[in-house]
Every structure is written in C-alpha cells, then in structure tokens.
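Heads up: the structure comes next, in structure tokens.
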Amino acid sequence: MLLEDLNPEQRLACESVEGPNLIIAGAGSGKTRTLTYRIAYLIQQGVNPHNILALTFTNKAANEMRERIVDLVGDNAKYIFMGTFHSIFSKILRIEAERLGYLNSFTIYDTENSKSVIRAIVKDFNLDDKLYNKSYLLNRISAAKSSLISPQAYMDNEQLMMEDRANSRPYIAKIYQEYNHRLRRNMAMDFDDLLFNMNVLLRDHNDLLLKYQERFKYILVDEYQDTNFAQYYIVKKLSARYRNICVVGDDAQSIYAFRGADIRNILDFQKDYPDAKLFKLEQNYRSTSNIVNAANSVISRNSKKIEKKVWTNNGEGRKINFCKSDSDKDEAKWICNTIRDRIREEDADYKDFAILYRTNQQSRVLEENFRFLNIPYRIFSGISFYGRKEIKDILAYFSLVVNNSDDEAFLRVINYPARSIGDTSINKLKILANEENVSLFHTALNHIDKIQLTPRTKQSIIDFVTMIQAFTIEKDKIDAYELGVKIIAKSNIVTTLKNEADPAVEDKLDNIDELISAIQAFVESEDEMILDEQTGEEIALRNKTLDIFVQQTSLLSETDRGDKNDDNTVSLMTIHSAKGLEFSYVFVAGMEENLFPSAMCIGSQVEMEEERRLFYVAMTRAKKELALSCAQMRFRNGSIAYNEESRFLADIDKDYFNENYNNLKEKTKLKTPSFSNSDFVSVNRNLKKIDTLPKPIGGTPVTDMNAFEEGMEVYHDKFGKGKILALEGKGDDTKAEVNFVGFGIKKLVLRFAKLKLM
DNA sequence: GGATTTGTTTCCACC
DNA sequence: AAACAAATCC
C-alpha cells in the first residue's frame, strides 16, 4: 500500500484529498516526502495528473519531486504542472500573452535590467539619483506590484503618496508609471509582473479564469509561509471553484518578508477557509535531539507563531561546536580545519558539509581558504552563473533576437564587441526612438536615415541590425541549440574575449561552453506535455526554440542549476538559499551583532523575529553536527568592523554547546565573580535588573575617544561604576575592557558606550 | 569614438 | 574592497 511508509500524521495529511487543507510541517518533518506521497496518492485515487498544480519553492525541488512521483505511480505522473510560482505562471502568460497585449516572446527582466530601466527614467526626469536611488525605487515598486497595486492605484493611495512625500520622494508614483510603460514598450515583464499579470489575466478574462479553475482542480502550495499577496490571490482565485487547496508550510521558517511574503497568509488560512483541516507534522527525522532542542529554544523567543512541538526520536548526538576567533580569516581557517578533521576521523565526505552565512560577501574569505587548502567547494549564491558578464552578454544577444523590442538588450550589445558605435550615436538613436515611440532596434532598422551619422557608424549600425534580423527570421525555424551556436559565433564575442588581456579568459570561455551545454540539454530534454482543451488529447510541446530557453533561464536560481551530480564539494551559500536543504555538518559563520542579526533589523521587533527565524532555518539544516562561529574583527565594505557576538547565541541554552563555548563563558564568569547568574546575557534581557539599578550619578561626558586611559574610573548608564582594564584600537574604533561593579568585565565600543569620567 | 583615470556607490537576503 | 559610473584625455 502506497502510504504505508508514512507516519500516522503524514498519512492522514495525504488521505485528506478533498477540500481545504493546512499542513504545518516542522523542520525536518518529512514535508517533501508527505507532499510527494500526497500527489502520488491523488493520482492513485484516479485524479488526472493534468488537473494537479503543485507550486514549489525551487524548480529543482519540483523536478526531483516529479521524478519521485513517477517512480511511485508511473509515467503518467509527469504531466502534473509543477514548478515555482514564477516559472508556472510565466508559462501560462506565454500561452495567453495576446490577451494582455504582449507577444509570447516577451522578455523577463531580472533585477539588473529593472534597475537599469529605473536609472534611465530618473535621469530623463532630471531627478537626483541619490534621493531617487534605484534599489530603493525598485523595492518600492516591487512591494506595490506584490500587493497588486497598479501605478494608478498607487497614485490614488493616500497612504503611499503621503509616505513618499514624507520621504521627499513625491515622484515615485510617476516613476512607477513610466517604468511599467517602458517595460511594456520593451515587451518585457519583471519578476513581479509575472504574478501581477497573472492576476490581471484571471481578473479580466472570465473564460480564462474558468479554464484554469477547471484545469487545476487540485492545487498544492509548498512553503506557503513565504507567499506574498499576489501569489496568495492567484491561488485563492484558481481554487475558488473546486476548493481543493492544500497548503504546506512552517510559520517558524518564514524568511522572505523583505520581498513581500506575508506570514499572515499561513496564520490566517483557517480564517479564509473555516472548514480547513489542520495537520501538524512535528516529528523531526533529520537532526539529532541536541540540535532540535537547541533550535526549539531559539524559536521559542519569538512571539507570533502557531503552537507546535517539534520533537525527535533521534539520539542526542553531538553538542553544538563553537569557535570565537580573532578575525574573519581565522574563522575560515577554523572551519576548514574542522572539516578536515571530520573527514579524517569520521565517515564523511566533502559533500556532507555546508557553510551558511548571512551575506554573500562573507563567501570571499572562505573561498580563499578553501582554495589555499585545496578543499573542493561550490558557492551557490553570490554572482550566479547566469549573472556573469560573458553569459549575460550572450543572453542579451539571444533576447534581442527573440524580442527586437528589448531596448535593454539592444543597449547592452549594440557596441559589444566594439563596432565604433559610441554614446553620441546611441543618444541620437534614443532621442529618435522616443519621438517615434518605437524600440531602438526598430528605429535603427527603419528610421536610420533621419539622423546625422558618419557613414562608417551608420554602416556599423545597419550591419548590426541586419545580423540580428537574420537571426530573428530563423528563431522559429531552427532549435535553440542551432540558433544559439550561430549567434555566439557570429557575434564575435568569443574571438573578442580571446584577444583581451584578461587573466580570467579561460574561465569565461569555460562558462560559455557550459552555457552551450545547457542549451543542448534544453533541446534534448523531454518534451513538456499539455492537454488539448478541445479533444482531451495529450500533446507534446515540441518547440525547443530559443525564446523558451531564454525565458526559462531567466527564472533559474543558482540552487536550480544542475550540479554535476557526482560533485563531491563543500557547499557555501546564504541561509536563504539553504532553505529546504539538509547537510550532515552545518557551519553557520559570522554569528555577530550587526551581521547576524543584520544591523538593519536591530530596533525593529518584527524584523528581529524574522532574523531569528532565519537562524532557526540555519540550525535545522544540520543532521549530525552544528557549528557556530564568530570573529571579533571582520573586513567589511573596505573597513574593519568589530562586533560583539550575536545575541542569538544567548538564545541557546549553554547545555547544548560543547566545551569550546562553555570554556569561553567560564573564563568570563571567573572574571566576574559578583555576577552570579549563570545565564551570561540575562543582563541584557532582564529589564527588572536594570530597573533596580541606582539612578545615574554625575560624571563628565566624554567626546574625545582618546581621552580614556587604563585604570580610569568611569560610569556607564546601564552598568554603573567601573574601572578601565584595557584599551584597544584608536579613534572611533577604540574598545575598552571595563570591570563594572556588579556586572563584571564588559568589552565596550567607546563610541557607543557613552562613558562618563568619575 | 574609445581607453584610461578618477570618483562614487554599495555594503541583506531572491524569483 | 570592489564594482560601477562619470570624466578626462588621446
């Protein structure tokens, strides 16, 4: 029997096939397994795979799940519609593009493209680009789109307009409007448009709403805690007819509020569907009990959550390993050494290890060490494969061929490789394009005679657009591989690269080869099956054309990238990209205040709770051993940062740590005999204690950080009287070790400590 | 028009 | 520190 491998709760969650269902799945509770079996069970019960829509968090997860379901219930299962929100709805938008006034060859803009469009608008509007910062604007626009607020709705929204005025940025609505206008002119959609336009499609076209409601009779959503309003609304609309909606998630792992994810979607599911059945998967099969309990103690500090108790039958396992090093370099060394030790002493391989960090820039120093020590590694985040310049250049050629209206692509490649078409000529083209209200490509092709250009430049432009046009004519006739290889050859990018005195040329050529292999794999991949609405016949979508390749790749994340399966490498990635993954040994590096939790969240309770959930996610990736590390000194953004250890360390009871941590704390404790509380940070949390402190007494405030000397008696607002034991650093970075009466030795950054001389 | 130098920005996570 | 944009020179 299919479901006999599941535990009782998992099994109940699978068997409840009809109606609204909410599955709260704790970390490591076999969520993917349950989802997989649930879908397999649906099919076994006679549900047509065509009628199943499964929305997952990564494309890779979708593909793995699909394969597993095929294994369980047979080949028919490959027809289920499964993938990320963005990839599924981009496919539907492609099919229905004309309803929205788009061609189906529309381009999907990534963040870089979007920012570039915004920068151009700010320039054209003659606005201050410091005030109208492109990242800020894109965030603002993205937030609006994720909440289904159109430019018009934005202008009509008093709240938003008031916020912008209060921020001295009254023109954001106008920029948003112009941004959308330009995207449309470029026949492009940004990431948020894929969701926004899907909503428009379902809102304005009743026949399509009905068509997809009928099509997707059973809807499953994974990682529901990370859905935003636009996603929530699509799901709500699509499931409104049959109400077979099953959402799976864990509120404790909600980590995407920054991009509009709304935790209320999962918290309020039962309000939306009062008849919803609730299932809780609480048994953790992944981690040791020490890790599970430590993670529980962290998440228990958060206030807003659905009650659940994650537990495990697994053995206690090893205590949490810890290292506080002097610098980021030493931290990296410690991690590498520990990995080597484990591999030598235990039955472990490089692929069993992951190093997780809060910010991408932390990967650099780690990478240096891995290189130096010859430990094979792979960085999953940071500059992704498709973000590399040489790859983006080629993809821009592809985009322009597929969609001649794509001005961003045009501008990127018009003079790369150099064709003697400089800024002056391009600006003339831009002005004319604006007057004619057509794309740059179109202007160059049809209106070139209207501008004054040197014959040489003019010929260059004509040659360029003629070349692109020739490719465009072929785009539906030959497959992506054939056309792609042709474009790469004719564009001369490879030859140009070879002539550059760039030490990284070999890498770049390798990357281009990898891109070509990816196109080949795409062309050779199995055809996607669709159902003919009229006849009910299954049809293979055989067009492996370049436009589909381009659309598909723009939605790939680095974690989706096919690892060369037998890759035995240590994984380096941000905690965000580690979501859903697991490793035997997990290192969380950079456990420091202002880094993790990020400086931007300190001061906001809500954001701090999200950081804490992020830490929870990091901890629960580990199966066998969890190691946390921090550095006293770290290079960041061109300067040295000194940070205290992360407050999250103190969220974990010290019993869960090994001696590395407790010895360190023991030392501190010995130096501070008068502070008897064993919880070494309770000072920070225990407000009562602070309230009972003597009221501040007099003293001289000090502004010059060099005025302090060892042995001086000082006064601190919270810790009271103390004596300076040691000073280190100078100027604004000066730190002091001060022995406070009743609080013991504290290390303080003088700039913030507001010490007074007694 | 193109190369080189100088100045400026970004410093949180991502589809 | 490094990536990016602008300014300057040839």
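Lettering follows sequence order; numbering is per chain, from 1.
Along DNA chain B, the nucleotide nearest to Thr58(A) and the one nearest to Arg358(A) differ in position, and the one closer to the 5' end is contacted by Arg358(A). For His86(A) and Arg456(A), each mapped to the nucleotide of DNA chain B holding its nearest heavy atom, the one lying further toward the 5' end belongs to Arg456(A).
Applying a 4.0 Å cut-off to non-hydrogen atoms, the residues of residues 189-200 of chain A that approach DNA chain B are Phe191(A), listed by residue number. Near DNA chain B, defined here as any heavy-atom distance below 4.0 Å, the residues from residues 591-600 of chain A are Met600(A), listed numerically.
Of the candidate nucleotides dT8(B), dC14(B), dC12(B), dT8(B) has the atom nearest to the side chain of Lys130(A). When distances are taken from the side chain of Asn133(A) to each of dT10(B), dC15(B), dC12(B), the shortest belongs to dT10(B). Distance from the side chain of Arg259(A) is smallest for dC15(B) among the nucleotides dC15(B), dA6(C), dT10(B).
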With the criterion being N/O to N/O and under 3.5 Å, what pairs connect the protein with nucleotides 1-3 of chain C, and how long is each?
none

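In this structure, Ile255(A) reaches neither bases nor backbone, as no heavy-atom distance under 4.0 Å exists between it and the strands shown. Among the heavy atoms of the strands, none lies under 4.0 Å from Asp110(A). Using a 4.0 Å heavy-atom criterion, one finds that Phe85(A) contacts no nucleic acid atom at all.
In terms of the salt bridge (Lys or Arg N to Asp or Glu O under 4.0 Å) criterion, residue partners of Asp393(A) (sequence neighbours excluded) are, by chain and number, Lys389(A), Arg412(A). Applying the side chain to side chain contact (heavy atoms under 4.5 Å, CB included) rule to Lys458(A) yields the partners Ile448(A), Asp449(A), Leu453(A), Ile462(A); only residues at least two apart in sequence or on another chain are considered. Under the ring pair (Phe, Tyr, Trp, His ring centres under 6.0 Å) criterion, Tyr179(A) pairs with no residue, sequence neighbours left out. Partners of Glu390(A) according to the side chain to side chain contact (heavy atoms under 4.5 Å, CB included) rule, which considers only residues two or more places apart in sequence or in another chain, are Arg388(A), Leu497(A), Lys508(A), Asn511(A), Ile512(A). Residues passing the ring pair (Phe, Tyr, Trp, His ring centres under 6.0 Å) test with Phe464(A), sequence neighbours excluded: Phe410(A). Remark: Ala578(A) pairs with Leu356(A), Met573(A), Arg621(A) by the side chain to side chain contact (heavy atoms under 4.5 Å, CB included) rule, at least two apart or across chains. Under the salt bridge (Lys or Arg N to Asp or Glu O under 4.0 Å) criterion, Arg264(A) pairs with Asp262(A), sequence neighbours left out. Applying the ring pair (Phe, Tyr, Trp, His ring centres under 6.0 Å) rule to Phe191(A) yields no partners; only residues at least two apart in sequence or on another chain are considered. Residues satisfying the salt bridge (Lys or Arg N to Asp or Glu O under 4.0 Å) test with Arg636(A), not counting sequence neighbours, are none.
Close to dG1(B), at under 4.0 Å from its OP1 or OP2, lies a side-chain N or O of Ser425(A). Residue Asn415(A) places at least one side-chain N or O closer than 4.0 Å to OP1 or OP2 of dG2(B). Applying the 4.0 Å criterion to OP1 and OP2 of dC12(B), one finds that Asn139(A) has every side-chain N and O outside that range. At the phosphate of dG1(B), OP1 or OP2 sits under 4.0 Å from a side-chain N or O atom of Thr424(A). Phosphate contact (OP1/OP2 of dC12(B), side-chain N/O of Asn360(A), threshold under 4.0 Å): absent. One finds a side-chain N or O of Ser420(A) lying less than 4.0 angstrom from the OP1 or OP2 phosphate oxygen of dG2(B).
For the residue pair Glu331(A) / Ser325(A), no side-chain donor-acceptor distance below 3.5 Å is found, with atom types taken as modelled. Asp406(A) and Tyr109(A) form a side-chain donor-acceptor contact under 3.5 Å, judged by distance and modelled atom types alone.
Here the P atom of nucleotide dC12(B) and the CG atom of Asn643(A) are 13 Å apart, to the nearest Å. Atom P of nucleotide dA13(B) and atom OH of Tyr357(A) are separated by 10 Å, given to the nearest angstrom. Taking atom CG of residue Leu556(A) and atom P of nucleotide dC15(B), one finds them 10 Å apart after rounding to whole Å. Taking atom NZ of residue Lys579(A) and atom P of nucleotide dA13(B), one finds them 16 Å apart after rounding to whole Å. Atom CD1 in Ile234(A) sits roughly 17 Å away from atom P in dC15(B) (whole-Å rounding). Regarding Glu610(A), its CD atom lies at a distance of 13 Å from the P atom of dA13(B), rounded to whole Å. Between Gln231(A) atom CD and dC14(B) atom P there is a gap of 16 Å when expressed in whole angstrom units. Counting to the nearest Å, the P atom of dT10(B) and the CG atom of Leu138(A) are 13 Å from each other.
For Ser577(A) against dC14(B), no side-chain N or O and base N or O form a donor-acceptor pair under 3.5 Å.
What you find for Arg301(A) and Glu609(A) is that their closest heavy atoms are O-OE2, 4.4 Å. The two atoms that bring Ser646(A) and Pro597(A) nearest to each other are OG-CD, 3.5 Å, heavy atoms only.
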